[in-house]
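Contents: one structure, followed by commentary.
Only a predicted model underlies this, so the values are computations on that prediction, with no experimental measurement involved.
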Amino acid sequence: PVFAGVNGSAIENFSCVIYNISFMNCTWQAGRAAPGDTQYFLYWQNSRYDNTMECELYIKDENGRNVGCRFQNVRIDTEKAYFLVNGSSKDSLIQFYDEYIQLYKIEKLMPPSNITVHCEEIQNDCIIQWQPPQINHSNKDKCFKYEINIKYK
């Protein structure tokens, strides 16, 4: 397909991460060939049944250019989410960038909670208990594998 706009004007290094259960940050860098006045705008659709929405809270660089977006109350659907970043400049046409992302793959998991350790010196054993972390996309225990590192001091 033929993309309108200056070659190399689309954003680069687009990436997103979901953290603290329902927050998401997406970031990008300006295209290397984009004119200095280029401003970028992010639109996204969580699933094909949702409306397309523009970013509500942009992350800006020192020149006031949008280089990312902060999201709240993100829910993870079974479908891929669609992201589109287009740009505008008074000098030239800017190429757009788009990507489909499976949101569960970019979720950074919280640590397990309520960790307790109870040791019996006489029996020479310890019971360690914890609760699975809260996650956005599923609360099934089978999603988790745990590893315990014990360091004797």
[atom2] on [Y] to [atom1] on [X], rounded to 0.5 Å:
X: Arg70; Y: Thr27; atom1: CZ; atom2: OG1; result: 10.0 Å
X: Arg75; Y: Ser22; atom1: CZ; atom2: OG; result: 12.5 Å
X: Ser15; Y: Ile101; atom1: OG; atom2: CD1; result: 8.0 Å
X: Asn46; Y: Tyr82; atom1: CG; atom2: OH; result: 14.5 Å

Minimum heavy-atom distance between [X] and [Y], given as atom pair plus value:
X: Ile106; Y: Met24; answer: CD1-SD, 4.2 Å
X: Phe41; Y: Ser88; answer: CE1-OG, 3.7 Å
X: Pro133; Y: Pro111; answer: CB-O, 3.4 Å
X: Tyr40; Y: Gly31; answer: OH-N, 3.1 Å
X: Leu93; Y: Ser9; answer: O-OG, 4.1 Å

So with a 6.0 Å cut-off around [atom1] of [X], is the heavy-atom count from everything else above 12?
X: Gln123; atom1: CD; answer: yes
X: Lys60; atom1: NZ; answer: yes
X: Leu57; atom1: CG; answer: yes

Checking side-chain polar atoms at under 3.5 Å, does [X] have a donor or acceptor matched by the opposite partner on [Y]?
X: Asn7; Y: Gln95; answer: yes
X: Asn136; Y: Glu107; answer: no
X: Ser89; Y: Asp37; answer: yes
X: Gln45; Y: Asp50; answer: no

Any side-chain heavy-atom pair from [X] and [Y] closer than 4.5 angstrom?
X: Gln134; Y: Met110; answer: no
X: Phe96; Y: Leu84; answer: yes
X: Pro132; Y: Tyr146; answer: yes
X: Arg65; Y: Thr38; answer: yes

Does [Y] offer a backbone N or O that forms a donor-acceptor pair with the side chain of [X] under 3.5 Å?
X: Asn86; Y: Ile94; result: no
X: Gln102; Y: Thr78; result: yes
X: Asn20; Y: Phe23; result: no
X: Gln39; Y: Asn66; result: yes
X: Trp44; Y: Val85; result: no

Would [X] and [Y] show up in the same hydrophobic cluster when neighbours are defined by side-chain heavy atoms closer than 4.5 Å?
X: Tyr104; Y: Tyr19; value: no
X: Ile21; Y: Ile76; value: no
X: Leu103; Y: Val17; value: no
X: Ile148; Y: Ile115; value: yes
X: Leu42; Y: Ile59; value: no

*Report the C-alpha separation of Phe14 and Tyr97 in whole Å, then their side-chain angles, then the decisive distance to 0.1 Å, and conclude whether the ring-ring contact (aromatic ring centres under 6.0 Å, His included) test is met.*
CA-CA 9 Å; Phe14 182 81; Tyr97 172 93; 5.5 Å; yes
_Can you confirm whether the thiol sulfurs of Cys69 and Cys26 sit closer than 2.5 Å?_
no
*For Glu56, check side-chain contact (heavy atoms from CB on, under 4.5 Å) against everything at least two apart and list the hits.*
none
